[in-house]
Novice: 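Before I ask anything, let me first share the structure, which is written out below as structure tokens.
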2 protein chains.
Amino acid sequence: MKVFMIGEAANHKNKLAALLKTPCDIIALPREAAYASEYDQRIGRDDVIISLRFSRKDEAAPAFRLLHVPGAGLDGIDIPSLPVECEVCNVFEHEIPIAEFVMAAMLQWEIRLDALRQSFGSDTWSDTYRARVPHGEIHGKTLAIIGFGRIGRTIAQRARAFGVRVVAVDQYAANTEGLADVVLTPDRLPEALAAADFLVISCPLTDQTRGLIGDAELQAMKPSSVLINVSRAPIADEAALFDALSRRVISGAFLDVWYGYPTGADDRVLPSRFRFDDLPNAFCTPHSSAWTDALPGRRYAFIAANIDRLRSGEPRLNVVRAAMPNNREKTSIQGATVP
Amino acid sequence: MKVFMIGEAANHKNKLAALLKTPCDIIALPREAAYASEYDQRIGRDDVIISLRFSRKDEAAPAFRLLHVPGAGLDGIDIPSLPVECEVCNVFEHEIPIAEFVMAAMLQWEIRLDALRQSFGSDTWSDTYRARVPHGEIHGKTLAIIGFGRIGRTIAQRARAFGVRVVAVDQYAANTEGLADVVLTPDRLPEALAAADFLVISCPLTDQTRGLIGDAELQAMKPSSVLINVSRAPIADEAALFDALSRRVISGAFLDVWYGYPTGADDRVLPSRFRFDDLPNAFCTPHSSAWTDALPGRRYAFIAANIDRLRSGEPRLNVVRAAMPNNREKTSIQGATVP
């Protein structure tokens, strides 16, 4: 069995090697191997590919056993271009850092710790102390969470501990584990928008969620409200969001995900057609929310255990497409698929 | 009945007036009235004073009914200088913003949201994305909380929701409400120091806690650890803390409380003999942790209700010294009194 690690996945080659019980050849391939067929003849029927991206345009992909995505999002994977005998698995663990990032964003919005620090100086202390300006609290605020899957629920668990009211929007309304104050079905999204002090987008990008937050939805939000996108950028319409932030239809946004991504080792693309980073009320970050030192260890431990299961014949965990003909459409993504 | 509001308390005169059911004259006095006797002849036996500070050096204080401190800390009140018939009450509500501030500090330390924002630019996005540096998580870290009173427990409740391990140090070891993983008596402080990734000081300043964190205690902490002081500065020895931060005996500190405070309307004092604000690993803020827009409303609602109770003869809440002779030493401050 060979394990091919494509692109940035290959940075974790040593980590995977240390975690695998199954003896494997682990082979790093460049980013381009996700799209180009020139490496395909090296890939065998029993092999595993670990990659965030995979597609074949004009040629059939080689037959292989398992595509393990080293993340949760499947939007980089062109499922129909995969051979039918190929199983597809994904991996989570990022709900922890993403929830921490979202809570940090909400607390940053209310407290502005960096501005408080900048206001402090030994020589000006007495006057600064007397002229302190009060900041905000997240306590008692309302957080609307669009997509109440693993990430949404992990955010809710933390927010609730702060006395934040959680309004979840998800089509699987029963599945709350007591973590939301209210769960609304997607047709009631306008109620969530109107109630939200903070709106977090944590649903997957699908045909149904693309452009879900557009002009009308942003207009339905409070002028004081803040949008936080840690899912995929195109769920919020690019032009509508830029316009709403520019005109202060909403107060601010924390944007960690973007409309354009580089795909190779040295290509250059813009994150958006608009310069969100020029807006003082847009907190733009480079897709960092889940990018923590602890995450790869948790993820590759999961992937190594799944490869060990493949060798021993045990069922894999987090199978998002089974290795069977006529089963290409079956997915079980966590999180809401909001219409 | 007259209500005298001294110094910064007087800023909330209109708020109190709107909340009181009892008809009262509400009179603002300058900061100096906390120390000087020149206003004393205006104060009558049935009156109420609201002030963070009160002392009389050479002369007896006038007889009055209730000193309501509009905060929790009693270190500005010289209890023996008060007339024996004067009841003293304090008020909390600040545990909520202080806990939010502490969580914001911990998340800031691990995520560095401001630095992530600074790293983002439309023109450099592709390279920044490819070269992302992972940040930390608070999940799985250990938080030691010195003083497990209202503030400590409110912090613990939030930290636990993040998967943070909480080690509390408090002499009332049984009183945890399940919010700590471990509660240690003060003699076991060294164990807490050795385990802590974050150390929060949330005990009151007393003769026993002054200088509690000195050279030896800072040496007992991990080099990667971070101290957060939201209580009173002198609990951490000034010179020892400056030295430990300068030499990276510990990694960093969030310091919101100081060694010197202005007492008048225009005096100037230094926050410390040392320039903590020149240290890159000291996050210095101007005693802001509890200074939120929502706090005065919660506090003055509590104070107004206590004044209404005084008029109707009901017992007041949060009595820290009863109006009786020979009872001057009785206090019931929440939080540990760590030796």
Side-chain angles (χ1 to χ4, degrees), chain A residues 8 96-97 99-101 103-105 107-108 110-111 113-114 116-117 119-123 125-130 132-140 157-158 160-163 258 260-262 265 267-272 275-278 283-288 291-296, chain B residues 8 96-97 99-101 103-105 107-108 110-111 113-114 116-117 119-123 125-130 132-140 157-158 160-163 258 260-262 265 267-272 275-278 283-288 291-296:
Chain A
E8 58 201 5
I96 291 169
E100 293 192 5
F101 185 94
M103 295 310 302
L107 289 165
Q108 163 62 23
E110 295 293 349
I111 300 177
L113 196 56
D114 50 352
L116 290 175
R117 185 188 193 188
S119 78
F120 185 91
S122 286
D123 299 324
W125 150 245
S126 297
D127 293 331
T128 304
Y129 175 70
R130 277 185 289 256
R132 285 174 297 168
V133 177
H135 57 264
E137 295 178 0
I138 66 172
H139 174 83
Q157 183 193 352
R158 285 151 180 75
R160 287 286 294 276
F162 285 82
W258 295 99
Y261 282 82
D267 60 322
R268 293 200 154 211
V269 298
L270 287 171
S272 168
R275 292 201 63 114
F276 281 95
D277 51 319
D278 285 348
F283 286 68
C284 305
T285 49
H287 205 130
S288 299
W291 202 256
T292 58
D293 44 17
L295 181 66
Chain B
E8 59 202 4
I96 291 169
E100 294 192 3
F101 185 93
M103 295 311 302
L107 290 165
Q108 163 62 23
E110 295 293 350
I111 299 177
L113 196 56
D114 50 351
L116 291 175
R117 185 188 193 189
S119 78
F120 185 91
S122 286
D123 299 322
W125 150 246
S126 297
D127 292 331
T128 304
Y129 175 70
R130 277 186 289 254
R132 285 174 297 169
V133 177
H135 56 263
E137 297 177 0
I138 66 171
H139 174 84
Q157 183 193 352
R158 286 150 179 74
R160 287 287 293 277
F162 285 82
W258 294 99
Y261 282 82
D267 59 322
R268 293 199 154 212
V269 298
L270 286 170
S272 169
R275 294 201 62 114
F276 282 95
D277 50 320
D278 285 348
F283 287 68
C284 305
T285 50
H287 204 129
S288 299
W291 202 256
T292 59
D293 43 19
L295 181 66

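Chain letters run A, B, ... following the sequence lines, proteins first and then strands; every chain starts at 1. The analysis underlying the following values was restricted to heavy atoms, covering all of them including side chains, and did not include hydrogens, waters or symmetry mates.
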Novice: Could you look at B:Q108 and say if it's the side chain, the backbone, both or neither that has a heavy atom under 4.5 Å from chain A?
Specialist: side chain
Novice: Do you know which of B:I138, B:I111, B:T128, B:V133 has the most heavy-atom pairs with chain A at a distance under 4.5 angstrom?
Specialist: B:I138
Novice: Taking only residues two or more places apart in sequence or in another chain, which ones pass ring pair (Phe, Tyr, Trp, His ring centres under 6.0 Å) with B:H139?
Specialist: none
Novice: Using a cut-off of under 4.5 Å for heavy-atom pairs, which of B:D123, B:L295, B:T292 has the most such pairs with chain A?
Specialist: B:T292
Novice: Select, from B:E110, B:R160, B:H135, the one with the greatest count of heavy-atom pairs under 4.5 Å involving chain A.
Specialist: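 If we count pairs closer than 4.5 Å to chain A, B:H135 comes out on top.
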Novice: Which of parallel (below 30°), tilted (30 to 60°) and perpendicular (above 60°) describes B:W258 and A:F120?
Specialist: parallel
Novice: Under 4.5 Å heavy-atom distance to chain A, tell me which part of B:L116 shows up: side chain, backbone, both or neither.
Specialist: both
Novice: Using a strict cut-off of less than 4.0 Å between a Lys/Arg side-chain nitrogen and an Asp/Glu carboxylate oxygen, indicate whether A:D127 and B:R268 qualify as a salt bridge.
Specialist: yes
Novice: Donor-acceptor check, side chain of A:W125 to backbone of B:S272, threshold 3.5 angstrom: yes or no?
Specialist: no
Novice: Report the option among A:L270, A:D278, A:D267 that has the most heavy-atom pairs separated by less than 4.5 Å from atoms of chain B.
Specialist: A:D267
Novice: Under a 3.5 Å distance rule, please check whether A:S126 uses its side chain to pair with a backbone N or O of B:V269 as donor and acceptor.
Specialist: yes
Novice: Return the option, out of B:A104, B:G136, B:C284, with the maximum number of heavy-atom pairs under 4.5 Å with chain A.
Specialist: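 Top count of heavy-atom pairs under 4.5 Å with chain A: B:C284.
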Novice: Nearest heavy-atom pair of B:D293 and A:E137: which atoms, and what distance?
Specialist: OD1-N, 4.3 Å
Novice: To check you understand the geometry: which heavy-atom pair defines the closest contact between B:R130 and A:A265, and what is its length?
Specialist: NE-O, 3.3 Å
Novice: What distance separates A:F162 CZ from B:R158 CZ, expressed to the nearest 0.5 Å?
Specialist: 6.0 Å
Novice: Considering all heavy atoms of both residues, which atom of A:Y129 and which atom of B:P286 are nearest to each other, and what is their separation?
Specialist: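 Result for this residue pair: CD1-O, 4.2 Å.
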Novice: Would the distance check show the side chain of B:R132 and the main-chain N or O of A:S288 forming a donor-acceptor pair, the cut-off being under 3.5 Å?
Specialist: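 No, B:R132 side chain to A:S288 backbone: no donor-acceptor pair under 3.5 Å.
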Novice: Name the member of A:A105, A:P134, A:P97, A:A99 that forms the most heavy-atom pairs with chain B at distances under 4.5 Å.
Specialist: A:P134
Novice: By salt bridge (charged side-chain N to carboxylate O under 4.0 Å, His left out), which residues pair with B:D114, not counting sequence neighbours?
Specialist: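 Salt bridge (charged side-chain N to carboxylate O under 4.0 Å, His left out) list for B:D114, sorted by chain: empty.
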Novice: Which heavy atom of A:S122 sits nearest a heavy atom of B:P271, and at what distance?
Specialist: O-CD, 3.4 Å
Novice: Examine whether an atom of B:S119 lies under 4.5 Å from a heavy atom of chain A, and if so say whether it belongs to the side chain, the backbone or both; otherwise answer neither.
Specialist: side chain
Novice: Output the option from B:H287, B:E8, B:Q157 having the highest count of non-hydrogen pairs under 4.5 Å with chain A.
Specialist: B:H287
